[in-house]
Amino acid sequence: MKMGLQKMLCCLFVAACVGLISPVGSLTSCDEVRKVFQLRQIGPVKSLPKRPREGSDLQVCQSRNLTCCSKKMEERYQVAARRDVQNLLQTSSASLKFLISRNVAAFQESFESLIKASENHTNLVLQASYRNMAGEASGLVRELFTDVGLFLLGSELNIDDITSRFFDALFPLVYHHLINPSLSRVTPGYAECVRSARRDLSPFGAAPGVLANQIGRSGVGGRVLLQALHLGIEVINTTDHLVFSRECRRALLRMQYCPHCHGLTLSKPCMGYCLNVMRGCLASMAEVDLHWREFVRSLEGLSARMHGTQDLEQVLLGVHAVVHDAVAHGQRNGPHLSAQVYKVCGRPSRQPAQSVSGQQDGASIPLKAFIRETGNSLATRRKEFLNSLRLYRTFYGGLADQLCVNQLASPMDWPAGTDYTLRVVGNGIKAQTANPEVKVKEGDPVIHQIIDKLKHINQLLQGKSIPKFGTLDLIETGSGNGEGRGYSGDCDDEDGCGGSGGGEVKRKVMTLPSSRPLSVSLWKHLSFLPHVLGLALSDLRSDYRRLYNSIGQLGNTSQLISGQITEDPIIA
């Protein structure tokens with residue numbers, strides 16, 4: 001009781017300085033309390049006392065003096081106090097959440113533009129160099145880049161499989177149009193035999209492996225970047241809707257609304273008192289600080305590594321050259337490949353070809369170089385985003401102090417402790433053992449989970465454990481299936497950066513656009529999409545254009561960046 005009176009006197013001191021009330025004990029009317037209670041929509045006013053009363057039934061706002069509060073009002077005040085702080089948390093993080101969500105959309109829009117530009121340029125090269133084959137090859141090129149786009153969004157597609165399917169399907173076209181143009185259009189069965197023989201005959205030299213390696217190395221950075229930003233939004237949502245403990249709810253009530261019971265409707269707590277309460281209530285959130293700082297640094301490190309062979313923009317805009325060289329390699333080795341195909345598949349029946357005119361070699365028509373818009377490049381976007389994000393690297397470490405300084409506490413008591421004689425504790429769980437206002441027994445388990453996810457994504461961002469074909473499940477569950485090759489760093493399961501097992505993909509990612517028919521190869525992989533994109537499988541089958549063309553839109557972002565506040569129990 002003595003400590004409670006001391007805190008109350010602190011508030012009385014602040015209020016008295018601005019002439020708001022008479023001395024303690026002279027409370028004669030509850031009109032002002034009723035007015036504020038109604039204006040703030042704290043609850044119905046019909047049950048409010050009309051005049052001061054004894055507060056023997058109060059559980060938190062107890063006092064020896066008369067009070068304007070009832071037990072029902074106390075319960076309403078506690079809900080209001082918690083709601084006020086949650087609103088302040090959401091307001092404080094709104095600009096950070098907007099920054100990340102806006103850039104998720106911007107990066108996905110850049111991926112879409114990049115994929116479309118790369119696909120179009122590859123088709124132009126084939127049209128200019130191998131005109132008779134280009135029309136049929138355009139569908140294969142479209143399928144290749146569609147699958148690459150889905151890979152960037154976190155699908156289970158394997159880059160080696162994607163490129164192998166593309167070159168498997170390309171070989172029959174090259175064989176018929178360039179190596180043996182005098183043959184009639186071969187039967188589907190013979191074409192399938194030629195397709196199946198591609199991996200043994202290696203008609204395209206090292207091109208398939210080179211393309212898979214380049215897209216894999218550069219693409220994994222892009223997909224981990226998107227995964228990290230989605231996790232950043234999840235961190236903000238989780239901390240925005242922190243569930244306060246019973247001790248914290250009572251402390252917030254004492255600090256914010258118990259003074260109302262004595263007519264102090266305009267008073268604010270002393271700074272030291274506010275810091276103790278908020279540091280106690282946000283102790284778990286302060287534990288996020290170290291890992292959030294590392295998260296920002298790790299994003300900067302990933303961005304610094306995304307150049308050369310790991311520059312997604314450079315790699316995708318160079319796909320046309322790899323494909324062109326692959327076809328030229330097959331054409332140069334035509335006689336040898338024909339002999340090998342004959343051994344494997346036999347000789348097809350010969351009929352005069354209807355038209356073989358217009359065949360051109362791979363260098364007959366010069367092409368204008370593709371001009372990159374540096375102002376809108378991925379590197380430029382990343383730099384601008386990280387410059388802004390760097391301003392928030394200490395966001396969680398100073399959040400409690402920020403709320404007190406800017407919103408909750410009285411500026412008349414600064415620096416902290418001027419009129420508050422109890423010890424002001426630091427931030428974090430360990431510092432709360434000496435907190436005189438809030439008892440903090442342990443950290444919040446939900447915050448612990450989000451910290452574990454931050455630890456794992458930081459390892460991925462730092463290149464310590466980046467599987468070539470990781471999934472969003474790596475972040476959601478902290479483990480992966482271990483498939484694919486790693487690219488940098490050494491790590492094992494004991495380090496916590498590897499893992500085994502699968503798990504359902506839970507995270508939603510923004511959709512990637514185009515008005516294109518669904519590729520045949522994609523049917524095998526549709527099972528993951530309802531989980532990753534949050535869309536029905538039937539909708540994907542019937543309207544794939546909408547899926548592929550929505551990459552630059554926020555799509556499901558409103559679901560991703562919003563959270564639901566649930567009412568927790570009030571006074572226990």
Side-chain angles (χ1 to χ4, degrees), residues 118-119 122-123 125-126 128-134 136-148 151 157-183 185-220 309 315-316 318-348 359-364 468-469 483-485 487 519-521 524:
S118 302
E119 177 186 337
T122 301
N123 282 326
V125 168
L126 293 177
S129 300
Y130 310 104
R131 185 174 302 165
N132 283 8
M133 184 187 73
E136 294 179 72
S138 63
L140 306 180
V141 173
R142 179 173 59 246
E143 181 177 337
L144 169 67
F145 283 100
T146 297
D147 289 346
V148 169
F151 168 78
L157 294 174
N158 183 297
I159 288 296
D160 285 333
D161 290 344
I162 290 173
T163 54
S164 291
R165 283 195 301 272
F166 170 72
F167 285 107
D168 286 349
L170 184 64
F171 184 41
L173 300 183
V174 173
Y175 182 78
H176 172 64
H177 289 286
L178 302 180
I179 296 176
N180 277 313
S182 61
L183 293 177
R185 184 175 297 275
V186 297
T187 63
Y190 192 82
E192 176 61 25
C193 181
V194 175
R195 188 199 68 79
S196 300
R198 197 277 304 176
R199 302 191 189 192
D200 293 329
L201 301 182
S202 298
F204 301 122
V210 169
L211 188 60
N213 191 54
Q214 289 182 351
I215 295 177
R217 289 180 65 89
S218 61
V220 74
T309 59
V315 167
L316 290 184
V319 169
H320 71 276
V322 179
V323 173
H324 180 276
D325 291 346
V327 175
H329 183 276
Q331 189 177 27
R332 287 194 301 269
N333 292 278
H336 172 72
L337 290 173
S338 290
Q340 295 298 316
V341 170
Y342 292 159
K343 289 181 180 180
V344 176
C345 301
R347 294 178 178 271
Q359 291 293 344
Q360 303 169 34
D361 62 37
S364 58
K468 185 175 182 181
F469 309 115
E483 293 181 1
R485 14 171 150 58
Y487 286 106
S519 61
V520 176
S521 65
K524 301 177 182 179

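One finds the CD1 atom of Ile159 at 4.5 Å from the CZ atom of Phe151 (value rounded to the nearest 0.5 Å). Atoms CG and NZ, from Leu201 and Lys343 in turn, are 10.5 Å apart once rounded to the nearest 0.5 Å. Atom CD of Gln331 sits about 5.0 Å away from atom CG of Leu178, to the nearest 0.5 Å.
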Determine, stepwise, if the pair Gln214 / Val322 fulfils side chain to side chain contact (heavy atoms under 4.5 Å, CB included). CA-CA 10 Å; Gln214 289 182 351; Val322 179; 4.1 Å; yes
_Could you go through His320 and Ser118, starting from their C-alpha distance and side-chain angles, then the distance that decides it, and tell me whether this counts as side chain to side chain contact (heavy atoms under 4.5 Å, CB included)?_
CA-CA 7 Å; His320 71 276; Ser118 302; over 6 Å; no
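For Asn123, there are no side chain to side chain donor-acceptor pair (under 3.5 Å) partners two or more places apart in sequence or in a different chain. Under the side chain to side chain donor-acceptor pair (under 3.5 Å) criterion, Glu192 pairs with Arg195, Ser196, not counting sequence neighbours. The ring-ring contact (aromatic ring centres under 6.0 Å, His included) search around Phe166 returns none, not counting sequence neighbours. Taking the side chain to side chain donor-acceptor pair (under 3.5 Å) definition, one finds that Ser338 meets it with Asn180, sequence neighbours left out. Ala169 is linked by a side-chain contact (heavy atoms from CB on, under 4.5 Å) to Leu140, counting only residues two or more places apart in sequence or in another chain. By the salt bridge (charged side-chain N to carboxylate O under 4.0 Å, His left out) test, Arg332 pairs with no residue at all, sequence neighbours left out. The side-chain contact (heavy atoms from CB on, under 4.5 Å) test applied to Ser202 returns no partner, not counting sequence neighbours.
At least one side-chain heavy atom of His324 sits under 4.5 Å from a side-chain heavy atom of Tyr130. Contact annotation: the side chain of Arg198 never approaches that of Pro172 to less than 4.5 Å [non-hydrogen atoms, C-beta and beyond]. Within the 4.5 Å cutoff, the side chain of His176 has no heavy atoms near those of the Pro181 side chain.
Between Tyr342 and Tyr175, the ring-plane angle classifies as perpendicular under the 30° and 60° cut-offs.
Side-chain N or O atoms of Asn333 include none that pairs as donor or acceptor with a backbone N or O of His336 at under 3.5 Å.
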